[in-house]
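Below is one structure, written out as structure tokens, with a few remarks after it.
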Amino acid sequence: MSVTGKCTVVVGCQWGDEGKGKIVDVLSEGADVIARYQGGANAGHTVHVGGEEFILHQIPSGILHPGTRCLLGNGVVLDIEQFFEEYDALAARGIDVEGRVGVSRRAHLLLPYHRLLDRAAETSASEKIGTTGRGIGPAYEDKAGRRGVRVADFGDPERLAKRVEAARSRVCSRLEELGQGAGEDLARHMESALALGSRLLALATDTGPEITAALSAGKRVLLEGAQGTALDLDHGTYPFVTSSNTTAAAACTGTGVGPTSIDSVVGVVKAYTTRVGEGPLPTAFAPDMDEHVRNLGGEYGATTGRPRRCGWFDSVLSRFAAQVNGLTGLAVTKLDVLDTLPELKIASAYRMPDGSVERSFPADTWSLGKVEPVYETVPGWRTPTGGARTLEDLPAGARRYLDRLEELTEAPVRWVSVGTDRSQIIPAG
């Protein structure tokens with residue numbers, strides 16, 4: 001079947017929190033269908049529209065554009081309670097959601113017992129991962145273990161009851177092993193979650209055929225991920241990663257479309273680097289600078305509120321992300337956060353523990369924790385950029401900085417964000 005439309009993947013190129021929701025929101029203006037391909041309610045996309053702030057955890061930010069169809073693919077683990085809280089909250093704020101949101105019948109459910117197990121496992125672990133406690137890991141473990149509950153299971157109440165009871169019993173036994181009980185609220189929460197089944201079935205669809213049909217009709221499609229490349233289960237800083245594949249290749253397995261359907265891959269990076277949770281951050285700032293940039297950029301998690309660790313731009317990581325995702329373009333966010341800094345550093349390579357210098361991102365996470373970044377120092381521009389609407393409006397120093405990021409990442413810069421509003425994203429090529 002010939003595909004005449006355009007299909008773009010938007011992927012994070014650092015440790016998440018790059019501003020993907022903002023970029024998806026802007027690109028959604030020209031899209032007919034937006035589909036989320038992995039992750040769960042542990043992700044948060046913050047979008048500012050007309051002075052209003054929207055924080056979305058599972059529904060794609062394209063929902064803020066009238067008429068756009070928004071899908072959650074089979075690669076998502078759906079927190080059914082949180083999903084409908086978000087759905088109803090959007091409706092209450094005047095966003096038309098009726099008939100515009102679809103959920104894959106193949107998507108796995110994240111249920112209340114997954115959250116209990118996630119928190120208990122993290123509490124008892126000798127090596128902390130920094131999980132959000134939202135149940136993502138246990139839900140993906142059930143999926144990989146072939147014992148998960150899927151949206152389609154709501155179509156057979158008897159089968160659903162058997163699978164849920166088997167899972168609940170297994171989780172309660174595991175909680176006892178970890179020295180924690182399930183608590184009296186589990187049964188109530190389970191009843192509340194499962195009562196939403198009929199609403200969920202009304203939204204159920206097959207995302208692969210739906211997206212393929214849209215492309216065949218000449219429509220434009222965006223496929224979006226959660227988190228970032230360095231949190232990918234295979235390619236990230238394992239074990240300090242999420243429990244799914246965050247990279248662009250997962251857009252196919254997570255929605256049901258073939259790789260030849262994809263025309264372009266947009267990678268999103270901040271103009272500096274941030275990370276939430278445990279694990280190494282090679283370009284981390286010293287404590288005073290860390291706090292300063294965190295306050296300038298409002299670097300607190302949209303889902304958890306946890307403070308993000310901040311550091312200089314890491315081109316070793318972004319170059320790796322360009323390679324593993326096959327980037328055709330780059331979107332740089334939060335350039336304006338750097339406006340007041342007198343000088344900036346960019347990590348162009350790593351000095352390894354044995355003294356050698358490497359330009360490649362290492363597979364061994366513990367080695368990454370011991371590297372010394374090789375920095376280039378460039379002058380800042382010390383001029384506000386929030387009012388810029390074209391590249392020519394940016395200070396010369398800011399343009400030189402972007403040029404250097406492009407050279408080191410080996411991917412062309414296509415968009416630059418200089419503020420929180422839709423109007424503050426500059427097309428760069």
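When a residue number appears, it is its place in the shown sequence, counting from 1.
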- Item | More than 12 heavy atoms of other groups within 6.0 Å of Glu291 CD | no
- Query: Side-chain donor-acceptor pair under 3.5 Å between Ser264 and Thr8, yes or no?
  - Reply: yes
- Task: Check whether the ring centres of Trp312 and Phe285 lie less than 6.0 Å apart, and answer yes or no.
- Result: yes
- Item | Residue pair Leu233 / Thr246, side-chain heavy-atom distance below 4.5 Å | no
- Query: Can you tell me if CZ on Arg106 sees more than 12 non-hydrogen neighbours from other groups inside 6.0 Å?
  - Reply: no
- Query: Are there more than 12 heavy atoms of other residues, nucleotides or ligands under 6.0 Å from atom CD of Glu98?
  - Reply: no
- Tell me, with the steps shown, if Glu52 and Arg93 meet salt bridge (charged side-chain N to carboxylate O under 4.0 Å, His left out). CA-CA 10 Å; Glu52 286 194 80; Arg93 294 180 67 176; 3.0 Å; yes
- Thr247 versus Asn325, side-chain donor and acceptor atoms under 3.5 Å: no
- Query: Checking side chain to side chain contact (heavy atoms under 4.5 Å, CB included) against Glu210, which of Leu215, Thr205, Thr255, Val257 comes through?
  - Reply: Thr205
- Task: Could you tell me whether Arg308 sits above the aromatic face of Tyr300, with NZ or CZ closer than 6.0 angstrom to the six-membered ring centre and within 45 degrees of the axis?
- Result: no
- Of Gln58, His57, Arg115, which meets side chain to side chain donor-acceptor pair (under 3.5 Å) against Asp79? Arg115
- Message: For the residue pair His235 / Asn245, report whether a side-chain donor-acceptor contact shorter than 3.5 Å exists.
- Response: no
- Does a side chain donor of either Thr390 or Asp393 reach within less than 3.5 Å of an acceptor in the other side chain? yes
- Item | Within 6.0 angstrom of Glu407 CD, more than 12 heavy atoms from elsewhere | yes
- Donor on one side chain, acceptor on other, Asp142 and His114, under 3.5 Å: yes
- Test salt bridge (Lys or Arg N to Asp or Glu O under 4.0 Å), reference Glu299, set Arg294, Lys270, Arg309, output is Lys270
- Query: Relative to each other, are the rings of Phe361 and Phe320 parallel, tilted or perpendicular (30° and 60° limits)?
  - Reply: parallel
- Message: Could you check whether Thr333 and Ser417, counting side-chain N and O atoms only, form a donor-acceptor pair closer than 3.5 Å?
- Response: no
- Message: For the CD1 atom of Ile346 and the CD atom of Glu376, what is their distance to the nearest 0.5 Å?
- Response: 6.0 Å
- With under 30° as parallel and over 60° as perpendicular, where do the rings of Phe84 and Tyr87 fit, or are they tilted in between? perpendicular
- Arg275 side chain to Thr237 side chain, donor-acceptor N/O pair below 3.5 angstrom: yes
